[in-house]
Amino acid sequence: MSVQFIEQNGQKQYAVVPVADYEKLLEKAEMLDDIATFDQALASEDELVPAEIVNRLLNGENKIKVWREHRGLTQAGLAESCNMAQASIAQIECGKRTGTVAVLKKIAEALGVDLDDLV
């Protein structure tokens, strides 16, 4: 890398580098930022959610179904955890029922998510 310095009062004030070198430096700086962000995410106690799950939620799929499947639960397994009937879970997932706040709280707890993640 060839660098030219511009001085003021005998002190280096600016560095002039070829554009290709400048772009490489920018790319490396962005990579370091990405690594730092990734390290912070790993150190955080927040759950990391795979992009597939986020995309399903953003595409409007039923939130309970998406989280249930992400947790590896069947409707019957979730229903049992919530002391509910499997048919009730099925009806909520397909939109035939909305579920009361109390029911949604039970489901959120069983799925290990906040109520806000389901509504």
Side-chain angles (χ1 to χ4, degrees):
M1 175 179 351
S2 63
V3 179
Q4 176 186 0
F5 294 102
I6 299 173
E7 296 182 3
Q8 277 184 328
N9 301 325
Q11 298 287 328
K12 292 179 183 175
Q13 297 294 315
Y14 302 97
V16 179
V17 297
V19 171
D21 291 340
Y22 172 76
E23 289 172 350
K24 285 180 190 175
L25 288 171
L26 278 180
E27 186 177 312
K28 289 180 180 183
E30 288 175 6
M31 189 177 300
L32 285 174
D33 283 343
D34 290 346
I35 290 169
T37 300
F38 178 78
D39 289 343
Q40 287 174 345
L42 286 180
S44 169
E45 293 186 20
D46 293 335
E47 178 181 9
L48 300 178
V49 180
E52 174 191 346
I53 301 305
V54 173
N55 290 335
R56 288 178 65 191
L57 293 167
L58 290 174
N59 287 333
E61 285 189 50
N62 181 276
K63 295 174 182 183
I64 293 171
K65 180 179 181 181
V66 172
W67 282 109
R68 175 181 59 76
E69 290 177 349
H70 177 60
R71 299 289 190 233
L73 292 170
T74 62
Q75 287 180 348
L78 178 58
E80 184 177 324
S81 297
C82 298
N83 198 25
M84 296 172 58
Q86 180 270 328
S88 295
I89 298 293
Q91 288 175 342
I92 292 170
E93 284 187 359
C94 74
K96 290 183 180 175
R97 293 177 60 189
T98 57
T100 64
V101 172
V103 165
L104 293 174
K105 281 183 180 180
K106 282 185 193 179
I107 293 172
E109 187 175 308
L111 293 173
V113 298
D114 292 331
L115 180 59
D116 290 344
D117 293 325
L118 300 183
V119 295

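Reckoned from all heavy atoms, side chains included, excluding hydrogens, waters and symmetry mates.
Judged by distance alone, with hydrogens and angles left aside, the side-chain atoms of Thr37 form a donor-acceptor pair with the main-chain N or O of Asp33 at under 3.5 Å. The backbone N or O of Asp117 sits nowhere less than 3.5 Å from a side-chain atom of Asp114 that would complete a donor-acceptor pair. In this structure a side-chain-to-backbone donor-acceptor pair under 3.5 Å is missing from Lys12 to Ile6. A donor-acceptor pair under 3.5 Å is absent between the side-chain atoms of Arg97 and the main chain of Ile92, judged by distance alone.
Remark: the Glu93 side chain and the Gln75 side chain contain an N/O donor-acceptor pair separated by less than 3.5 Å.
Leu26 and Val16 end up in different hydrophobic clusters when Ile, Leu, Val, Met, Phe, Trp and Tyr side chains are linked at under 4.5 Å. Cluster membership check: Leu32 does not share its hydrophobic cluster with Tyr22, using side-chain heavy-atom separations under 4.5 Å among Ile, Leu, Val, Met, Phe, Trp and Tyr. Linking Ile, Leu, Val, Met, Phe, Trp and Tyr whenever their side-chain heavy atoms come within less than 4.5 Å leaves Val19 and Phe5 in two separate clusters. Clustering ILVMFWY residues whenever any of their side-chain heavy atoms sit less than 4.5 angstrom apart, transitively, puts Val3 in the very cluster that holds Leu25. Cluster annotation: Phe38 is not connected to Ile35 through the hydrophobic network of ILVMFWY side chains, with a link wherever side-chain heavy atoms come within less than 4.5 Å.
Enclosure of atom CD in Glu27 is not indicated, since only 12 or fewer non-hydrogen atoms of other residues, nucleotides or ligands lie within 6.0 angstrom.
Atoms CG and CZ, on Leu78 and Arg71 in that order, are 11.5 Å from each other to the nearest 0.5 Å. The distance from atom CG of Leu73 to atom CD1 of Ile64, rounded to the nearest 0.5 Å, is 12.5 Å. The CG atom of Leu115 lies 11.0 Å from the CD atom of Glu109; values are rounded to the nearest 0.5 Å. Interatomic distance, CG of Asp21 versus OG of Ser2, reported as 6.0 Å (0.5 Å rounding). The distance from the CG atom of Leu57 to the CG atom of Leu118 is 9.5 Å, given to the nearest 0.5 Å. One distance of note links CD1 of Ile89 with CE of Met84; it measures 4.0 Å at 0.5 Å rounding.
A side-chain hydrogen bond (donor to acceptor under 3.5 Å, both in side chains) check over residues 51-61, counting only residues at least two apart or in different chains, returns the pairs Arg56-Glu61, Arg56-Glu69.
The minimum heavy-atom distance linking Gln86 with Ala76 is given by the pair CG-N, 3.7 Å. Across all their heavy atoms, Ala110 and Ser81 have their closest contact at CB-CB, 3.9 Å.
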